[in-house]
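A quick write-up on the structure given underneath.
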Amino acid sequence: MKIYLFRHGETEWNKSWRLQGQSDVPLNAFGRELAVKTAEALKEIPFDRGFCSPLCRAAETARILLGDRNVPLVADDRLKEMCFGPYEGECFDEAKKRQSTHPLYHFFYGMEEYVPPAGAESFQDIMKRGGAFLKEQILPLEGSCRNILIVAHGALNRGILAAIGGIRLADFWQISLPNCAATILTLKDGQFQILEKSVIYYENPR
């Protein structure tokens, strides 16, 4: 079985480098264009099931990717993006400056030392819920499905990969995930493997 794990299309907050987290920010026109181009490239893949984050940017991307297929699409709260608490909506340029004193500096560098602010999630939190989603929703489909579509978010998708042992926390940001990029997984005999990383189906990503 193959699992196509996509990041959603672009939003205005992506474009302006703002932390979205669980803020429900919609796709912008370019984000929809990326999803349409990606959907065209995927049109011959017979998806059996679809899952998405309930946040509108992921849900709309999933609907565009599925197109007119008669496939159930299930929104699961465990696929929501990582919550950043009071820092949602902030531009993260300052946090990414070398030796910054910004509280989110270790979110990008030295992830083992990241301490989430009150009301926010840790890397371990998203790994736990991503892993629970795979165990409860995807594992039971082995043998009855061939291709599964999942549309979620940048940090959450990396958390899923970390949960299955595909990446170390120290390498969390080493996998590039542009908007509408996919990581393709396989599931065989109850074991997940990464088949391809950072696959895009359009030209000239921003």
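Of all non-hydrogen atoms in Tyr109 and Ala95, the two that sit nearest each other are CE1-O, 4.3 Å. Pairing each heavy atom of Ala120 with each of Gly85, the nearest pair is CB-N, 3.7 Å. Contact detail for Ala152 and Ala58: the closest heavy-atom pair is O-CB, 4.1 Å. Annotation for Glu90 and Pro86: closest pair OE2-O, 4.4 Å, computed over non-hydrogen atoms. Pairing each heavy atom of Cys52 with each of Ala62, the nearest pair is CB-CB, 3.9 Å. Between Glu88 and Gly21, the shortest heavy-atom contact is OE2-CA, 3.5 Å.
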Trace of the side chain to side chain contact (heavy atoms under 4.5 Å, CB included) decision for Arg129 with Leu79: CA-CA 8 Å; Arg129 60 180 169 91; Leu79 293 175; 5.9 Å; no
Passes side chain to side chain contact (heavy atoms under 4.5 Å, CB included), Leu149 versus Phe51? Steps please. CA-CA 6 Å; Leu149 175 75; Phe51 297 89; over 6 Å; no
Should Asp125 and Lys128 be marked as a salt bridge (charged side-chain N to carboxylate O under 4.0 Å, His left out) after you check the CA-CA gap, both sets of side-chain angles, and the distance that decides it? CA-CA 5 Å; Asp125 289 331; Lys128 181 177 179 180; over 6 Å; no
Decide yes or no on salt bridge (charged side-chain N to carboxylate O under 4.0 Å, His left out) for Arg63 and Glu60, but give the supporting numbers first. CA-CA 5 Å; Arg63 289 192 296 269; Glu60 183 177 3; 5.3 Å; no
Please assess Ile150 against Phe133 for the test side chain to side chain contact (heavy atoms under 4.5 Å, CB included), listing each intermediate value before the final yes or no. CA-CA 11 Å; Ile150 303 173; Phe133 165 80; 3.7 Å; yes
Which is it for Gln174 and Ile167 under the side chain to side chain contact (heavy atoms under 4.5 Å, CB included) test, yes or no, and what are the steps along the way? CA-CA 9 Å; Gln174 296 305 306; Ile167 59 172; over 6 Å; no
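Note that the CD1 atom of Ile160 and the CD1 atom of Ile164 stand 8.5 Å from one another [nearest 0.5 Å]. Note that OH of Tyr114 and CG of Leu169 are 12.0 Å apart. Values are rounded to the nearest 0.5 Å. Within the model, atoms CD1 of Ile138 and SG of Cys145 stand 8.5 Å from one another, a figure rounded to the nearest 0.5 Å. The structure places CD1 of Ile3 at 12.5 Å from CZ of Arg49, a figure rounded to the nearest 0.5 Å. Distance check: Arg32 CZ to Asn28 CG gives 7.5 Å after rounding to the nearest 0.5 Å. For the atom pair CG (Leu34) and CD (Glu203), the distance works out to 12.0 Å, reported to the nearest 0.5 Å.
Taking the side chain as every heavy atom from C-beta outward, Glu121 and Cys83 approach each other to under 4.5 Å. Taking 4.5 Å as the limit, every side-chain heavy atom of Val36 sits out of range of all side-chain heavy atoms of Glu33. Side chains of Arg57 and His153 form a contact here, defined as non-hydrogen atoms less than 4.5 Å apart. In this structure, Phe123 and Met82 have side chains that are in contact, with non-hydrogen atoms separated by less than 4.5 Å. Contact annotation: the side chain of Lys2 never approaches that of Ile148 to less than 4.5 Å [non-hydrogen atoms, C-beta and beyond]. No side-chain heavy atom of Leu134 sits under 4.5 Å from any side-chain heavy atom of Leu139. Using a 4.5 Å cut-off on side-chain heavy atoms (C-beta onward), Leu19 and Leu104 make contact. Counting heavy atoms from C-beta on, the side chains of Glu10 and Leu27 never come closer than 4.5 Å.
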For residues 175-193, which side-chain donor-acceptor pairs fall under 3.5 Å, sequence neighbours excluded?
residue	atom	partner	partner atom	Å
Asn179	ND2	His8	O	3.2
Asn179	ND2	Gly9	O	3.4
Asn179	ND2	Asn14	OD1	3.1

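Taking the six-membered ring for Trp and thresholds of 30 and 60 degrees, Phe107 and Trp173 have ring planes more than 60 degrees apart, a perpendicular arrangement. Under the 30°/60° scheme for interplanar angles, the aromatic rings of Phe6 and Tyr4 are found to lie parallel.
Ile64 and Tyr201 fall into different hydrophobic clusters, where Ile, Leu, Val, Met, Phe, Trp and Tyr side chains are chained together by heavy-atom contacts under 4.5 Å. Residue Leu42 is not grouped with residue Ile200 when hydrophobic side chains (ILVMFWY) are merged at heavy-atom distances under 4.5 angstrom, including chains of intermediate members. No continuous path of ILVMFWY side-chain contacts below 4.5 Å connects Val71 to Val74, so the two sit in separate hydrophobic clusters. The hydrophobic cluster containing Leu66 does not contain Leu5, counting ILVMFWY residues as joined when their side-chain heavy atoms lie under 4.5 angstrom apart, directly or transitively. Ile45 is connected to Val199 through a chain of hydrophobic side-chain contacts under 4.5 Å among Ile, Leu, Val, Met, Phe, Trp and Tyr, so both are in one cluster.
Under the 3.5 Å distance criterion, the side-chain polar atoms of Asp24 are left unmatched by any main-chain donor or acceptor of Leu55. The main-chain N or O of Val25 is never found under 3.5 Å from a side-chain atom of Ser23 such that the two would form a donor-acceptor pair.
For residues 64-87, the set of pairs meeting the side chain to side chain donor-acceptor pair (under 3.5 Å) definition, not counting sequence neighbours, comprises Asp76-Arg78, Asp76-Gln137, Arg78-Glu136.
Cation-pi check for Lys37 over Tyr202 is not met; the charged atom does not lie both under 6.0 angstrom from the ring centroid and within 45 degrees of its normal.
Among residues two or more places apart in sequence or in another chain, the side chain to side chain donor-acceptor pair (under 3.5 Å) test is passed with Thr61 by none.
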